[in-house]
Number of protein chains: 2
Amino acid sequence: MTGLASSIERRNGVSLWRQIADRILQGIASGDFAENAALPPEVALAERYGVNRHTVRSAIAALVQEGVLRAEQGRGTFVLSRKRLSYPIGARTRFSTGLQGQTSERHIALLSSSTEPASRRIADALGIAKGAAVIRLETRGEADGHAVSRATTWFDAKRFAGIEAAMAETGSITASLKRFGINDYLRHSTVLSARHADADDLAALDLQPGAIVLVTVAVNVTLDGEPIQFAESRFPAERVELRLSAGD
Amino acid sequence: MTGLASSIERRNGVSLWRQIADRILQGIASGDFAENAALPPEVALAERYGVNRHTVRSAIAALVQEGVLRAEQGRGTFVLSRKRLSYPIGARTRFSTGLQGQTSERHIALLSSSTEPASRRIADALGIAKGAAVIRLETRGEADGHAVSRATTWFDAKRFAGIEAAMAETGSITASLKRFGINDYLRHSTVLSARHADADDLAALDLQPGAIVLVTVAVNVTLDGEPIQFAESRFPAERVELRLSAGD
DNA sequence: TACAGTTGTCTATATCAATAGACAAATTTA
DNA sequence: TAAATTTGTCTATTGATATAGACAACTGTA
């Protein structure tokens, strides 16, 4: 942002210190506050945001707790390096290849799996009957030891029986689908929204309460257009941005 | 969501009533709470979310204020119809055509315009020198009388001198660009994030404080690949979702 | 009518959030 | 060393947030 000094909202249900912490995170992401450099002093921030110094201190305390800042008495408060991952989304969206070059290691951890009857929404997406058995996988995407996504994925249980074992073993959706004869697939549709992280997301993504998650709801299809996978993924907005490439 | 009963977080900087209001909005969007039907009674909601009935009442009061719910003493609290707009994003993203079929009327209102030197970020995106003059437009997208987006757009001032007048007159980016000999253009890149709405967004989008906005940062190019427009758009997450179509 | 179920209002209390001011402790600079 | 700058700690006060309980007001139904 080119210094749009929009101010802070009061009595919204979101505390001032949380809003200011969000602003500082934005400032770091947008380059207003350089990495490894000192933040403006607390009194200056208090004036900039029109709040008391103690309120700024609460925001800073939260970000120190979060590992984003380090405060040193007498010297200043410093921005630790913490660039947001840029997660590409397009027809060939895949977790692992998408983050190549940004991280040295990444995989998908299977948190739990279950079989359940398909809800209307899932049945429609997968093109099966409502109530038919589907396998649900709860997974967490990890890159360089950090949690970067939390997803819930559904497969037709008849066609993909045992896929949870393949996921646990390979740590990859692409590799698991290969075992069922699917060597290539496409992202058919993606719907995007955002919300506050719920307790489950907070725990799995190692977020501080009040964090925002980006939510994608996607359907993957075979090259023939047959739906094979329905997934809802949550990404921590403070650590991940989604990049859409044209014609991809 | 298939009824994942994840609970609420305390002392996060986001008040319980705000979190519960968000959850109810999600519930409406996901179909957990049907439109025009009664919400569960306050005591049931209080138990479901593990909070006091008065806290649920605060959340409901906020949503009534927002026009999402209507409470009737003795009868119950009802969901007003309020479907989220689905805003398509792809290579041919355009405001007006994208919402066709979902709304009967839409246009872009020009809130203000100014000329300023390009920041590093904007200069890079537009392929011009840092400090060169750019025109900044502050706009609001409206559909059926409701604000659905708030955007800040930059153009090279040399090439698009007077585009603010064209925007004010036509209410359309596409139509304005035609006056400068650009009959077609493509969305080159889009980067997506989310944050709490700031004061400016709240006012322009008619949101209640604490609301979340989806943020897109996009570059449009001519068919030759020459960048012509750089824009940051904010969409109210409670009213708009973004839909990405493969191969678009 | 009587009753069960629901939202609306009131009082009271405890904790969190925000402001205000003063001063201590550590670091850097003159 | 002395002064200026910056973060850390403490006390005090106010308003918002959350819980608790009781009861009134309204609706639909037995």
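Treat the numbers as computed from the prediction; the structure is a model and nothing was measured. The chains referred to below are lettered A, B, ... by the order of the sequence lines, with proteins before strands, and numbering in each begins at 1.
- The structure places CD of B/Glu42 at 10.5 Å from CG of B/Asn52, a figure rounded to the nearest 0.5 Å.
- At the heavy-atom level, B/Thr77 lies under 4.0 Å from the strands shown only through sugar-phosphate atoms.
- Across the protein-nucleic acid pair, B/Gln73 atom CD and C/dT7 atom C1' stand 5 Å apart, rounded to whole Å.
- Straight-line distance from the CZ atom of B/Phe78 to the P atom of D/dT27: 12 Å, rounded to whole Å.
- When distances run from any side-chain atom of A/Leu16 to the nucleotides C/dA26, C/dT19, C/dT27, the shortest one goes to C/dT19.
- Summarising the geometry, the separation between CZ on B/Arg70 and P on C/dT6 is reported as 18 Å, rounded to the nearest angstrom.
- Using a 4.0 Å cut-off between a side-chain N of Lys or Arg and a carboxylate O of Asp or Glu, B/Asp200 and B/Arg150 qualify as a salt bridge.
- Taking the side chain of A/Val51 as heavy atoms from C-beta on, and the options C/dT19, C/dG8, D/dT7, the nearest nucleotide is C/dT19.
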- Task: For salt bridge (charged side-chain N to carboxylate O under 4.0 Å, His left out), just list the numbers for A/Arg195 and A/Asp201, CA-CA rounded to whole Å, side-chain angles, deciding distance to a tenth of an Å, and then say yes or no.
- Result: CA-CA 11 Å; A/Arg195 62 163 195 242; A/Asp201 297 331; 3.3 Å; yes
- Message: Between A/Trp17 and A/Ile60, is the side-chain contact (heavy atoms from CB on, under 4.5 Å) condition met? List the steps.
- Response: CA-CA 8 Å; A/Trp17 65 260; A/Ile60 289 175; over 6 Å; no
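- Look at A/Glu241 and A/Arg243 and you find no salt bridge, because none of the NZ, NE, NH1 or NH2 atoms lies under 4.0 Å from a carboxylate O.
- Ranking C/dA17, D/dA24, D/dA18 by closeness to the B/Trp17 side chain, first place goes to D/dA18.
- Looking only at distances, no side-chain donor or acceptor of A/Arg136 sits under 3.5 Å from a matching main-chain atom of A/Val134.
- Under a 3.5 Å cut-off, the side chain of B/Arg239 and the backbone N or O of B/Leu205 do form a donor-acceptor pair.
- Considering only side-chain N and O atoms, A/Arg75 lies under 4.0 angstrom from the phosphate OP1 or OP2 of C/dT28.
- The CG atom of B/Leu39 sits 19 Å away from the P atom of C/dG5 (whole-angstrom rounding).
- The interatomic distance linking A/Glu42 (CD) with D/dT6 (P) rounds to 10 Å, in whole Å.
- In terms of position on DNA chain D, the residue among A/Gly74 and A/Arg57 whose nearest nucleotide sits closer to the 5' end is A/Gly74.
- Rounded to an integer number of Å, the gap from CG of B/Leu45 to P of D/dT19 is 14 Å.
- Comparing D/dT27, D/dC26, D/dT19 by their closest approach to the side chain of B/Thr55 singles out D/dT19.
- Distance B/Ile60 CD1 to C/dG8 P: 8 Å, rounded to the nearest Å.
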For nucleotides 21-23 of chain D, give me every protein contact, N/O to N/O, under 3.5 Å, one pair per line with atom names.
| unit_1 | atom_1 | unit_2 | atom_2 | d |
| --- | --- | --- | --- | --- |
| D/dG21 | O6 | B/His54 | NE2 | 2.4 |

